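The structure appears below as structure tokens.
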Number of protein chains: 2
Amino acid sequence: MPVVETASRARVDKRQAILAAAFDVFARRGYAQACVKEIAEVAGVAKPTVYNHLNDKETLFRQAVDAAADAVLAQNLAVVERLREPGDDPRATLEDVAYRLVRTCDDERSRSLKWLTYAQVARFPDVVDAVHARTGLRLAEALADRLARLVLAGHLRPCEPADAAEHLLALLTGPMEARSGFGMRKVPTAQLRAVAVNAVDVFLRAYGA
Amino acid sequence: MPVVETASRARVDKRQAILAAAFDVFARRGYAQACVKEIAEVAGVAKPTVYNHLNDKETLFRQAVDAAADAVLAQNLAVVERLREPGDDPRATLEDVAYRLVRTCDDERSRSLKWLTYAQVARFPDVVDAVHARTGLRLAEALADRLARLVLAGHLRPCEPADAAEHLLALLTGPMEARSGFGMRKVPTAQLRAVAVNAVDVFLRAYGA
DNA sequence: TCTCGATTGAACCCGTGGGTTCAACATACT
DNA sequence: AGTATGTTGAACCCACGGGTTCAATCGAGA
């Protein structure tokens, strides 16, 4: 194993640790209240080391949020991909996907990411746009693609897939926001299921074949 | 006119001016970035005068948000009240109410209130709960009441009014959030109409008689 | 063992801004 | 006129925290 690799590996690991710690602390305290000293402590690293890897607090924030957004997007896309094989019971498949989506929305990282970006609209409007593009728009596009296929397969009535996707997501995220207190607390599993089933029921009444 | 009244009136007016200025500045800058000096300037008042009426920055924030939440709630309830006389065309009435609701969601004060409270979840979780109770829950209750009557009148199919209200609101606010960039920019009137009409269409397909 | 780069902790600088003090002043009431 | 209350501006105190500096230290490779 080449030496240079272990060295740069160590560097990368520290950088990752710092970014993870940054997201953690930002998520708990918010941008203004998060102090770099605490981030360094959580990362198990000295404060100058933080500034050695990331230029300043703002860079720290952007990189941490970027990484989290990528992770959440991947998670969501993986769920939507399950609609590729709708099987013989589209309702069951949709309920399964819907349930997995609300569970994803309910996990720690998604909730933190959402309110954290929302909270910093005033200071970093572009961060909000970037995150929303990756988590909101891309998800809607992917879902619209799958719904279009369901229309062609005769499982849904003819409609505009983009609208249908927007509506299904709204029926999922709206009730979730209310129940999670703007993403501050976890929602009981039973309610997750109920939200998913109800949303799919309304969706199929409106868009079913 | 009694003198004492002019005196206390002057006091009240200044207090109101300070709270209005506070909400204005908080909405533009966010809590951490808003400085009391600027609030005083906007209110046309000296800094010690601010501290003379409100104890500290936190009180300033809470009172300003409280007042705004009350105003927004009143605005929303007034709109929902229009469902009391559904007329002979429930779809038209629902579209009218839906359009007025999204317009309310889109106005300056509502958008500011929403992201401002959302942004301060970490520091003041109870403020979020209070605002959400007044703007979200109370609105959903009022709407559920009206929908229940529509069910009895045979304009909607038998259903759980609370669920129906939640779904209609989700179909309205979900697309609005996406289009307004998390409440940061105004949405063109044409899109407001489209969101309202689409939402009501889906709603009636799912809940129509 | 020697070297070089990364890391560390601690101290430091300094801008920002919440909150207070105080003497001067305005206004309204007696 | 005299008094009391509220207001003003300016200066002040002080905590907090971003960002930097530096000498000491550590660890991997030659």
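Note that the structure is a prediction, hence the values are computed from the model and not measured. By convention in this document, chain letters (A, B, ...) are assigned in the order of the sequence lines, proteins followed by strands, and residues within each chain are numbered from 1.
- Distance CD1 (B:Ile39) to C1' (C:dT16): 15 Å, rounded to an integer number of Å.
- Using a 3.5 Å distance cut-off with no hydrogens or angles, the side chains of B:Asp56 and B:Thr59 do pair a donor with an acceptor.
- Checked against ring-ring contact (aromatic ring centres under 6.0 Å, His included), A:Phe23 has no partners two or more places apart in sequence or in another chain.
- Remark: B:Thr49 is not in phosphate contact with D:dT7, judged by side-chain N or O atoms under 4.0 Å from OP1 or OP2.
- With sequence neighbours left out, the ring-ring contact (aromatic ring centres under 6.0 Å, His included) criterion links B:Tyr51 to no other residue.
- Following rounding to the nearest Å, B:Arg15 (CZ) and D:dT7 (C1') show an atom-to-atom distance of 17 Å.
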Distances under 3.5 Å between protein N/O atoms and the N/O atoms of nucleotides 17-21 of chain C, please, pair by pair.
residue, atom, partner, partner atom, Å
C:dG18, OP1, B:Ala34, O, 3.0
C:dG18, OP1, B:Lys57, NZ, 2.9
C:dG18, OP2, B:Val36, N, 2.9
C:dG19, OP2, B:Tyr51, OH, 3.4
C:dG19, OP2, B:Lys57, N, 2.8
C:dG19, N7, B:Lys47, NZ, 3.0
C:dG19, O6, B:Lys47, NZ, 2.7

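- Residue A:Leu54 contributes atom CG, which lies 12 Å from atom P of C:dT7 at whole-angstrom precision.
- B:Arg123 places its CZ atom 12 Å from the C1' atom of D:dC16, with the value rounded to the nearest Å.
- Put simply, CG on B:Asn52 is 15 Å from P on D:dG9, counting in whole angstrom units.
- Among residues two or more places apart in sequence or in another chain, the salt bridge (charged side-chain N to carboxylate O under 4.0 Å, His left out) test is passed with A:Glu58 by A:Arg62.
- Protein atom CG of B:Asp13 is 15 Å distant from nucleotide atom C1' of D:dG6, rounded to whole Å.
- Residues meeting the salt bridge (charged side-chain N to carboxylate O under 4.0 Å, His left out) test with B:Asp24, sequence neighbours left out: B:Arg28.
- Between B:His53 and D:dG6 there is no side-chain N or O to OP1 or OP2 distance below 4.0 Å.
- Residues forming a ring-ring contact (aromatic ring centres under 6.0 Å, His included) with A:Tyr99 (at least two apart in sequence, or on another chain): none.
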